[in-house]
Protein chains: 2
Amino acid sequence: MVSIKDVAALAGVSDRTVSRVVNGEGLIRPKTKKKVQKAIETLGYVPNQAARLMRTSRSSVLGLITDVVSTTPFSTDIVRGIQDALDDTPYTLLTVNTSADPAKEQRAWKIFREHGIGGVFYVTMFHRHVPRDTEFPSTPTVLVNCSAPDQALPSIVPDDYQGGLDAVRHLVEQGHRKIAYVVLNELILAADLRGRAFFDGLAAAGIEVRKEWIVPGRVGAIFADKLVAFENARRILDNPDRPTAVVCGNDEIALQVYCAATDLGLRVPDDVSIIGFDDFQVITTGIQPPLTTMALPYRDMGALAVRMLLDIIAGHPPKKKHVEYRCELVIRNSVSPPK
Amino acid sequence: MVSIKDVAALAGVSDRTVSRVVNGEGLIRPKTKKKVQKAIETLGYVPNQAARLMRTSRSSVLGLITDVVSTTPFSTDIVRGIQDALDDTPYTLLTVNTSADPAKEQRAWKIFREHGIGGVFYVTMFHRHVPRDTEFPSTPTVLVNCSAPDQALPSIVPDDYQGGLDAVRHLVEQGHRKIAYVVLNELILAADLRGRAFFDGLAAAGIEVRKEWIVPGRVGAIFADKLVAFENARRILDNPDRPTAVVCGNDEIALQVYCAATDLGLRVPDDVSIIGFDDFQVITTGIQPPLTTMALPYRDMGALAVRMLLDIIAGHPPKKKHVEYRCELVIRNSVSPPK
DNA sequence: CTGAAAGCGCTAACAC
DNA sequence: GTGTTAGCGCTTTCAG
């Protein structure tokens with residue numbers, strides 16, 4: 001390994017001076033600087049982060065804890081947002097997947113301590129509350145897509161309620177009054193928020209809720225649940241008195257509702273309008289007609305998480321500890337006025 | 001930071017002894033060991049990896065370079081395979097995304113050198129050859145989903161040819177002789193391999209190729225290409241003399257072919273059989289009927305990559321430098337004999 | 001503006 | 001079985 005000393009020897013200066021050049025510290029005569037830079041180049045020197053960390057105990061590495069997010073297709077955009085934002089910084093990511101297993105999560109935190117990590121992004125696949133008994137070490141941490149009890153830790157989540165409300169409003173504005181809802185796994189916080197928005201949205205429009213048109217799209221324990229949207233949607237739609245529009249818990253469910261409609265010979269959006277949630281592109285731009293959906297602001301959430309964490313590390317805790325990020329409607333072709 | 005010395009002081013032994021206990025080295029009297037372990041516990045000591053690395057220059061961190069794989073939904077299972085296999089080892093992953101940008105790739109390698117990383121997984125989203133001029137440092141490296149010129153580096157790829165062949169065979173066995181092919185972006189190696197298999201598979205069955213039934217599903221530069229499978233598939237299928245089965249370049253394309261079929265009022269699989277490629281679950285188990293597809297062995301490839309890299313680091317270079325991993329057909333309900 | 005000395009936490013090498 | 005000494009590459013502190 002070529003060290004700062006080798007560079008110093010070649011440049012004919014002391015090692016301290018090389019260190020100054022590398023870190024852009026203090027005032028250095030341009031000539032000296034050039035000499036050093038040349039030596040660095042010819043030797044192919046790169047600083048040793050381990051040594052630097054040992055001396056300064058300021059790490060250039062941040063930790064990324066995910067339950068399953070980075071190995072699951074849905075919320076990868078959060079990670080992408082974090083990664084992209086980190087590109088403009090000197091930080092790198094040490095990533096650990098826990099599969100939502102508390103033991104692995106413990107290990108993750110231990111690994112982070114061993115590496116003297118500067119801060120941690122704690123990202124979950126589903127918008128949810130973190131269990132009360134979860135222990136967070138004192139390392140600067142930002143929660144993404146989840147929040148801590150009493151908001152003890154800074155957190156960034158999507159505004160699922162607003163998103164749900166705007167989705168319903170969009171349908172109402174198009175003239176729909178017969179609206180069904182195929183629900184996300186009800187154990188998920190997002191389902192709760194979007195569900196309340198659905199009821200409130202209908203109420204605000206003076207539309208009565210048809211209970212038989214509210215059906216589950218996914219049932220069972222989280223991470224082990226089953227898609228049942230197809231059968232349930234098919235049952236609702238296979239009836240002369242059927243909804244003219246369906247709100248879907250997410251795009252995956254929307255795909256099944258879409259299949260149920262076409263299976264019955266119904267056309268989207270002429271016979272049924274469908275609106276999704278997430279803007280999971282493989283589905284939304286993959287099916288025909290492309291799906292109108294409520295986009296989750298994952299990339300922006302990731303980018304904000306980076307800004308927040310770096311601020312905290314720099315000693316500037318955010319004024320707003322809990323941020324709810326707005327969801328934007330993406331209008332494509334799966335919604336039209338009812339006939 | 002609590003160090004080995006603090007532990008030593010509390011346990012009333014020398015720091016070297018603590019080190020031995022921590023690393024399970026040499027013979028130590030059970031009593032001493034217990035004392036040390038207790039001190040470790042009460043102080044909450046964790047070893048400082050930076051210090052360890054400095055001393056031994058053996059890192060507990062491996063690097064993961066991806067083009068877009070970990071921020072894109074398709075090949076995340078490779079990363080999942082790697083992560084899961086790493087769970088049983090003392091290694092952690094430092095991840096860098098390059099967006100297939102050579103400048104970022106350079107930076108990634110520099111970062112890895114700075115951290116004295118032990119080895120690198122170089123993972124690409126599409127099965128492809130790495131450009132001739134790509135520079136790989138001397139760090140132990142395993143390529144996954146891609147291969148180097150002259151196989152200069154160990155690599156693990158899926159056997160797309162075998163997969164393509166088996167897909168066609170499956171259709172032929174079901175009695176199909178009128179088979180169309182909606183092609184993956186032809187710039188991708190996988191498209192080439194699967195395409196050759198398609199031709200060879202038909203030839204082996206004595207079926208003549210209908211050129212007009214071979215159409216692109218994606219066109220344009222990689223990472224900026226456009227899905228055109230829907231229109232193209234629709235054109236082929238909207239004809240009394242139409243194929244009874246369609247081989248799809250991947251599952252995304254299969255989804256579009258499926259939409260094209262239902263758009264024309266055709267039923268899958270009664271009127272058209274569809275076979276996909278990848279086993280991208282959101283699609284394959286999301287649509288109705290669930291999609292028969294050729295699964296890409298991503299998780300296994302990831303797991304094998306871990307074994308290979310650890311072997312190389314341990315000084316046991318693999319006998320087989322280039323591994324082609326078998327693709328397995330996953331039979332669901334989108335294929336049936338032609339009417 | 002530049003250099004010298006010290007020490008971060010750990011383990012290799014050697015002693016006892 | 002256990003302890004001592006030294007040094008990995010860097011930056012902090014202090015001197016010049």
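This one's a predicted model, so the numbers in the text were calculated from it and none came from an experiment. Proteins come first, then strands; the chains are lettered A, B, ... in the order of their sequence lines, and each starts at number 1.
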Worksheet item: Of A:V36, A:V22, A:L10, A:D6, which is the lone residue that meets side-chain contact (heavy atoms from CB on, under 4.5 Å) with A:Y45?
Response: A:V22

Return the nearest nucleotide to the side chain of [X]; candidates are [options].
X     : options               : value
B:L27 : D:dG1, D:dC10, C:dG3  : D:dG1
A:T17 : D:dT12, D:dA6, C:dG3  : C:dG3
B:N48 : D:dT12, D:dG3, C:dC10 : C:dC10
A:T56 : D:dG9, D:dT12, C:dT11 : D:dT12

Pull out every protein N or O sitting under 3.5 Å from an N or O of nucleotides 13-16 of chain C, one pair per line with the distance.
none

Worksheet item: Just checking A:T32: base, sugar-phosphate only, or nothing, at a heavy-atom cut-off of under 4.0 Å?
Response: sugar-phosphate

Should [X] be listed as having a side-chain N or O under 4.0 Å from OP1 or OP2 of [N]?
X     : N      : answer
B:R29 : D:dT2  : yes
A:N23 : D:dT11 : yes
B:S3  : C:dC8  : no
B:S19 : C:dC10 : no

Quick one: [X] [atom1] to [N] [atom2], roughly how many Å, whole number?
X     : N     : atom1 : atom2 : result
B:M54 : D:dG7 : CE    : P     : 13 Å
A:E25 : C:dC1 : CD    : C1'   : 13 Å
A:I4  : D:dG7 : CD1   : P     : 19 Å

Discussion item. Can you confirm whether or not the ring centre of A:Y298 sits under 6.0 Å from the ring centre of A:Y325?
Written reply: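 Not close enough - the centres of the two rings lie 6.0 Å or further apart.
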
